[in-house]
Number of protein chains: 2
Amino acid sequence: MAADAIEPLGITTAEEEAYRHIQRALRMGRYRAGDRLIPEEIATEIGMSRMPVREAFRQLAAEGLVLIRPNRGCIVAGLTLDEIYETFEIRSVLEGLAVRLAMPHIDVEVLEELERQLDRMERASQTGSSDWVVRHQAFHLQICQLSNRPKLVRQIASLHVVIEPYLRIWFDYVDKPASARAEHEILIDVLRSGDAGKAEIVMRDHIVETAPLLANFASPGRR
Amino acid sequence: MAADAIEPLGITTAEEEAYRHIQRALRMGRYRAGDRLIPEEIATEIGMSRMPVREAFRQLAAEGLVLIRPNRGCIVAGLTLDEIYETFEIRSVLEGLAVRLAMPHIDVEVLEELERQLDRMERASQTGSSDWVVRHQAFHLQICQLSNRPKLVRQIASLHVVIEPYLRIWFDYVDKPASARAEHEILIDVLRSGDAGKAEIVMRDHIVETAPLLANFASPGRR
DNA sequence: AACTGGATAAGTGGATACACAGATACGCTC
DNA sequence: GAGCGTATCTGTGTATCCACTTATCCAGTT
């Protein structure tokens with residue numbers, strides 16, 4: 001649900017399968033940053049030729065998940081510490097914008113649904129490390145989608161995918177942060193207040209404050 | 001200079017040529033939105049096979065410049081009126097962020113260089129419609145680059161390319177807006193003031209105020 | 001006369017084959 | 001013994017070929 005917000009722009013059956021396959025592997029942290037992705041390997045794994053895999057690489061490169069160096073193959077793109085911060089800075093203004101634009105579409109039902117999302121997020125944090133990450137993204141994207149800005153939502157979702165492996169690692173280490181629920185309740189509170197400008201600021205702060213937490217657990221592999 | 005900030009991520013000689021060729025054509029407004037891009041046509045035009053052209057299409061699709069529908073070819077992506085507004089909204093917060101982060105790196109030399117950029121922009125507006133657009137982008141990107149945030153700059157540059165055809169059309173119609181210089185002087189003024197928060201707001205306003213102007217001249221072709 | 005169905009043609013997506021570039025290892029020379 | 005050059009091998013990038021989907025046109029039927 002969360003990640004399906006990212007549609008692989010122009011993609012056909014075989015290529016789409018390759019794309020989804022690799023993206024899932026990447027998001028699950030199966031590869032480490034700097035690992036080489038060998039087209040033939042992946043191609044035989046899914047049962048197709050190198051061709052669609054290459055096209056999938058292009059798609060992933062555009063999203064910043066892999067790096068393609070001419071004649072030197074495709075490697076998993078890791079984020080440096082600076083890049084993690086940068087990604088959170090970008091996320092903060094984009095999601096800030098989204099929540100500001102979402103405000104007119106906030107009503108009681110929406111707030112209740114968001115509360116339920118938080119419940120699911122909390123329950124997911126018990127079952128598995130990666131379940132929480134998925135629910136957490138779903139919560140954020142749910143708010144963003146209320147802005148009714150497809151391109152904005154797509155960009156935000158794309159950023160979520162990029163930082164997902166780092167979120168996952170962080171969560172594995174700290175073993176369910178107790179503050180997570182409270183942090184996100186604040187977001188619902190400000191949505192309830194109806195103040196769009198304030199909501200933007202709260203969302204921004206919420207996001208940039210997360211970055212330093214992650215930073216300590218950064219780099220699943222060097223660059 | 002301005003657009004070279006967008007590097008075609010992982011691309012080799014032949015494919016890179018195809019990519020640059022098509023992107024230039026697109027930015028110059030050679031095609032209208034909805035036009036089909038026929039791989040063979042372009043391939044023979046540059047003197048290569050369809051293959052690198054296909055990969056170039058993928059790259060362009062990832063940037064949102066073209067649309068690839070499975071088994072139905074590649075068409076030039078136009079922006080609806082809503083999408084133009086949305087793009088400017090996204091630009092406003094991203095460039096707002098950029099200018100805020102750029103503030104610590106502003107000094108006298110930088111301000112002088114920006115003034116020179118404005119001069120060039122004004123001169124370019126006399127020589128040709130498209131020259132002004134290029135200079136205008138260069139001015140904005142120059143400021144953004146001072147933020148020292150590569151990913152942020154790349155995203156902003158990508159948005160500039162998307163709206164370039166619309167800017168060009170608008171400029172052709174109004175024949176050099178007299179207010180353009182003054183509008184951008186304000187940006188330099190606020191940079192000179194040293195107030196990062198204020199600069200962010202001014203930049204945001206500057207950008208979102210541009211959108212309605214463009215809207216009247218929107219859609220070089222329907223969607 | 002208009003609409004629907006089928007057939008044909010055009011064009012896209014995928015696979016295989018080939019050529020070239022880069023990396024590594026081994027040998028030769030200093 | 002060490003460093004550089006060369007040769008081989010691995011693997012990417014491009015082209016050609018084939019199969020399949022889609023679109024268009026014509027004919028037949030209502």
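Counting non-hydrogen atoms of other residues, nucleotides and ligands closer than 6.0 Å to CD of E45(B) gives a total above 12.
The distance from atom CG of L37(A) to atom P of dT10(D) is 20 Å, rounded to the nearest whole Å. Straight-line distance from the CZ atom of R58(A) to the C1' atom of dG13(D): 9 Å, rounded to whole Å. Atom pair E40(B):CD and dT12(C):P shows a separation of 8 Å (rounding to whole Å applied). A straight line from CE of M51(B) to P of dT14(D) spans 9 Å, rounded to a whole angstrom. Here dG14(C) presents its C1' atom at 20 Å from OH of Y19(A), a figure rounded to the nearest Å. We find that CD of E41(B) is positioned 15 Å from C1' of dT12(C), with the value rounded to whole Å. Put simply, CZ on R69(B) is 11 Å from P on dG13(C), counting in whole angstrom units. With rounding to whole Å, Q59(B) atom CD is found 12 Å from dG13(D) atom P.
In this model, no donor atom of one side chain and acceptor atom of the other lie less than 3.5 Å apart for H184(B) and Q117(B).
Residues P165(B) and V161(B) share a closest heavy-atom pair of CD-O, 3.5 Å. Scanning all heavy atoms of the two residues, the minimum distance from V66(B) to F57(B) falls at CG2-O, 3.6 Å.
Sequence order on DNA chain C of the closest nucleotides to S49(A) and P39(B) puts P39(B) first from the 5' end.
Side-chain to base pairing of R50(B) with dG11(C): no donor and acceptor N or O lie closer than 3.5 Å to each other.
Comparing atom distances between the M48(B) side chain and each of dA15(C), dT14(D), dA15(D) picks out dA15(D) as nearest.
The side chain of R72(A) places an N or O atom within less than 4.0 Å of a non-bridging phosphate oxygen (OP1 or OP2) of dA23(C). Side-chain N/O atoms of R54(A) include none lying less than 4.0 angstrom from OP1 or OP2 on dG13(C). Contact annotation: R36(B) reaches the phosphate of dT12(C) (side-chain N/O to OP1 or OP2, under 4.0 Å).
Rounded to the nearest 0.5 angstrom, L97(B) CG and S92(B) OG are separated by 11.0 Å.
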